[in-house]
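What follows is one structure encoded as structure tokens, with my remarks underneath.
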Amino acid sequence: GAVVSQHPSWVICKSGTSVKIECRSLDFQATTMFWYRQFPKQSLMLMATSNEGSKATYEQGVEKDKFLINHASLTLSTLTVTSAHPEDSSFYICSARAGESNQPQHFGDGTRLSIL
Amino acid sequence: QKEVEQNSGPLSVPEGAIASLNCTYSDRGSQSFFWYRQYSGKSPELIMSIYSNGDKEDGRFTAQLNKASQYVSLLIRDSQPSDSATYLCAVTKRNQGGKLIFGQGTELSVKP
């Protein structure tokens, strides 16, 4: 149980392109989803928290106009990196949580984004 | 002082031994405690969750929580080379919407 699917796994695109990443909870309803970014050899960095039907809450320093998050249903959240540049290249990982805030987060497989 | 601290390692143990991973946290109000395993280039995978003092066992894994000492540990019995990964300790704090506060991770290497 508690399977989170993230798509696509890899994206390579040109600078200036917008990229959409999907995160789906396959066997549970995710009241809350989270988006992280991880650079090589570094810790996970939380970018934003999203609750179904509400605007996402972004962490300090994360540009909300750059990283658009939509959580339209209890099983789907999307992250769109707008006008991506090489410095946006990273490993993006979503997680989903069912129920109360003390429940564990379950992570998707991540999306490796490379901007040329 | 970091909110969640782990020894970064690497921790090296021989195959079949017990690996002991430790984590301390600074906020006494922390309410949930998790261990995640992250293989190189992959996303984290939940290993254990623990909420109350004492031990919790799941197969070869045992999590131990001591809230008075603000300490949580993970024991891996009969360690296998496939256990070689980075182990992340994570806690949640009250009134923070369940955000995970991660330690820096401990790299475990199990030698055949």
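A, B, ... follow the sequence lines: proteins, then strands. Residue 1 opens every chain. Fair warning: this is a prediction, and the values are worked out from it, not measured in the lab.
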For A:K64, look at atom NZ and say whether over 12 heavy atoms of other residues, nucleotides or ligands are found less than 6.0 Å away. no
Which residues in residues 68-75 of chain B have a heavy atom less than 4.5 Å from any heavy atom of chain A? none
For A:V19 versus A:C13, what's the shortest heavy-atom pair and its separation? CG2-SG, 3.4 Å
Testing the basics here: between A:S83 and A:D88, what is the closest heavy-atom pair and its distance to 0.1 Å? O-OD2, 4.2 Å
Could you tell me whether A:F91 and A:Y36 have their ring centroids closer than 6.0 angstrom? no
Can you tell me which portion of A:Q38 sits under 4.5 Å from chain B's heavy atoms? Options are side chain, backbone, both or neither. side chain
Between A:S77 and A:W35: side-chain donor-acceptor atoms closer than 3.5 Å: yes
Which atom pair, heavy atoms only, marks the closest approach of A:Q6 to A:G110? OE1-N, 3.1 Å
Specify the closest pair of heavy atoms between B:E57 and B:T62, including all atoms of both residues, with the distance to one decimal. CG-OG1, 3.7 Å
For chain A, which residues from residues 79-111 of chain B lie under 4.5 Å away (heavy-atom distances)? B:L88, B:T92, B:G97, B:G98, B:K99, B:L100, B:F102, B:G103, B:Q104
Just by distance, with hydrogens left out, do A:R112 and A:S9 show a side-chain donor and acceptor under 3.5 Å apart? no
By ring-ring contact (aromatic ring centres under 6.0 Å, His included), which residues pair with A:Y58, not counting sequence neighbours? none
Cut-off 3.5 Å, side chains only: do A:T32 and A:R97 have a donor facing an acceptor? yes
Are there residues of residues 38-55 of chain B whose heavy atoms fall under 4.5 Å of chain A's heavy atoms? If so, which? B:Q38, B:G41, B:K42, B:S43, B:P44, B:L46, B:Y51
For the backbone of B:G9 and the side chain of B:N7, can you confirm whether one donor and one acceptor N or O come within less than 3.5 Å of each other? no
Where A:G99 and A:T31 come nearest, the two heavy atoms and their spacing: O-OG1, 3.4 Å
State whether the number of non-hydrogen atoms from other residues, nucleotides or ligands found under 6.0 Å of B:I18 atom CD1 is greater than 12. no
